[in-house]
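Below is one structure, written out as structure tokens; comments come after it.
Hydrogens, waters and symmetry mates play no part in the numbers below; they use all other heavy atoms, side chains included.
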Amino acid sequence: MDLGISGRTAIVCASSKGLGRACALALAQEGVNVVINARTAADVSRTAEEIRDLTGVSVTEVVADITTPAGRAALLTAAPTPDILVNNAGGPGPGDFRDWDEAVWQDAINANMITPILLIKATIDGMIARRFGRIVNITSRSVKTPLPALGLSNGARAGLTGFVAGLSRQVAAHNVVINNLLPGPFETDRIRTSAAREAGKSGLSLDQIMAKRAAEIPVGRLGQPDEFGKACAFLCSSHAEFIIGQNLLLDGGGFASTI
């Protein structure tokens, strides 16, 4: 299927590794010129070179922390009029809410709610004027099924979801489409780090913990980043105009619900 977005420009946040990288690569494979970003120059440079070699599209590298005003400014300077925006940022760590002071909450809300809202604010009017825009926010399955140890993520990402639910309906008539992608357990560095932490506490090996987690998923395996990237690319496509304000859960069937 031709997604109808070849030649467009996309900003993909936090895209040197993991799900962000997968989204940038999937868009590039559709002929989209991508602006990628991360805080570590070596990671950004390596990923940019890989995407160029695989796809031949223009890849712009921005080394910046998007959770800061300076970082967002750098990204928008590189691509002031993007057609596509993929919001992404590392999720806050686990813990007990009794241990989190106000500063910890502010950091989580800034990274996972305020930063994507500010990037939407900076780009959406241009999308409206050009009568094409696609915004995908990478959130978490915790929006659908709160995870006990991830209270920071539960709260901050739910706030972004509520904001998007309203805004997406306001701009839909201008062919500006906003949706959210909710990842479950995907095979990324983040899940390996979490599994290693669990292995250290349980006495089991890392491979045993990874196998245990895979067995808990109805499809019997962890998700692969390229699967996630392709879902993102479709939501950014010309065929997604009738999909408005939705929360697409990619978790291998882990969340059990009739509706």
Side-chain angles (χ1 to χ4, degrees), residues 10-26 34-48 61-75 85-95 97 99-101 103-120 135-144 146-161 163-164 180-198 213 222-225 228-229 231-232 247 249-251:
I11 289 175
V12 185
C13 300
S15 45
S16 68
K17 297 179 181 179
L19 300 182
R21 179 190 180 279
C23 291
L25 177 57
V34 295
V35 178
I36 67 168
N37 139 266
R39 290 174 292 182
T40 304
D43 291 342
V44 177
S45 179
R46 182 186 64 252
T47 297
E61 306 168 33
V62 178
V63 179
D65 179 354
I66 59 163
T67 67
T68 67
R72 292 189 292 273
L75 202 57
L85 169 64
V86 180
N87 277 313
N88 183 35
F97 86 97
D99 299 325
W100 300 327
D101 60 17
V104 172
W105 275 106
Q106 294 286 1
D107 285 346
I109 292 168
N110 178 58
N112 298 122
M113 179 181 172
I114 294 174
T115 286
I117 289 173
L118 290 177
L119 287 170
I120 292 170
I135 299 172
V136 174
N137 303 297
I138 300 177
T139 61
S140 168
R141 62 176 168 158
S142 67
V143 171
K144 283 272 192 182
L147 304 174
L150 296 181
L152 291 167
S153 180
N154 296 341
R157 296 191 193 279
L160 175 62
T161 303
F163 171 78
V164 167
N180 306 313
L181 279 177
L182 285 56
F186 278 79
E187 197 167 337
T188 62
D189 288 346
R190 180 176 173 86
I191 199 168
R192 291 188 196 96
T193 299
S194 170
R197 187 165 51 241
E198 184 178 344
R213 293 189 178 189
L222 297 171
Q224 295 303 307
F228 190 90
C232 178
N247 294 284
L249 180 64
L250 288 82
D251 71 343

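For R39, the CZ atom is loosely surrounded, since the number of other residues' heavy atoms within 6.0 Å does not exceed 12.
Of all non-hydrogen atoms in T47 and S15, the two that sit nearest each other are CG2-O, 3.7 Å. For the pair S142 and N154, the tightest heavy-atom approach, listed with the atom from each and the gap, is CB-OD1, 3.0 Å. Between N88 and I66, the shortest heavy-atom contact is O-CD1, 3.2 Å. Heavy atoms only, all atoms of each residue included: S140 and L182 are closest at O-CG, 3.2 Å. Considering all non-hydrogen atoms of both residues, A158 and V143 come closest at N-CG2, 4.3 Å. Looking at every heavy atom in both residues, R157 comes nearest to P92 through NH2-CD, 4.5 Å.
With N110 contributing its side chain and T67 its backbone, the two residues share a donor-acceptor pair below 3.5 Å. No donor-acceptor pair closer than 3.5 Å links the side chain of S153 to the backbone N or O of L150. R190 places a side-chain N or O within donor-acceptor distance of the main-chain N or O of G91, the cut-off being under 3.5 Å. Judged purely by atom type and a 3.5 angstrom limit, D101 uses its side chain to pair as donor or acceptor with the backbone of V104. N87 places no side-chain N or O within donor-acceptor distance of the main-chain N or O of I135, the cut-off being under 3.5 Å.
Distance OG1/T161 to CG/N247: 5.0 Å, rounded to 0.5 Å. In this structure, T40 OG1 and R46 CZ are separated by 9.0 Å, a value rounded to the nearest 0.5 Å. Here OG1 of T139 is found 7.0 Å from CG of L160. Values are rounded to the nearest 0.5 Å. Rounding to the nearest 0.5 Å gives a distance of 12.5 Å between OG of S194 and CG of D189. Taken to the nearest 0.5 Å, the CG atom of D107 stands 10.5 Å off from the CD1 atom of I114. Note: L119 CG to C13 SG = 5.0 Å, rounded to the nearest 0.5 Å.
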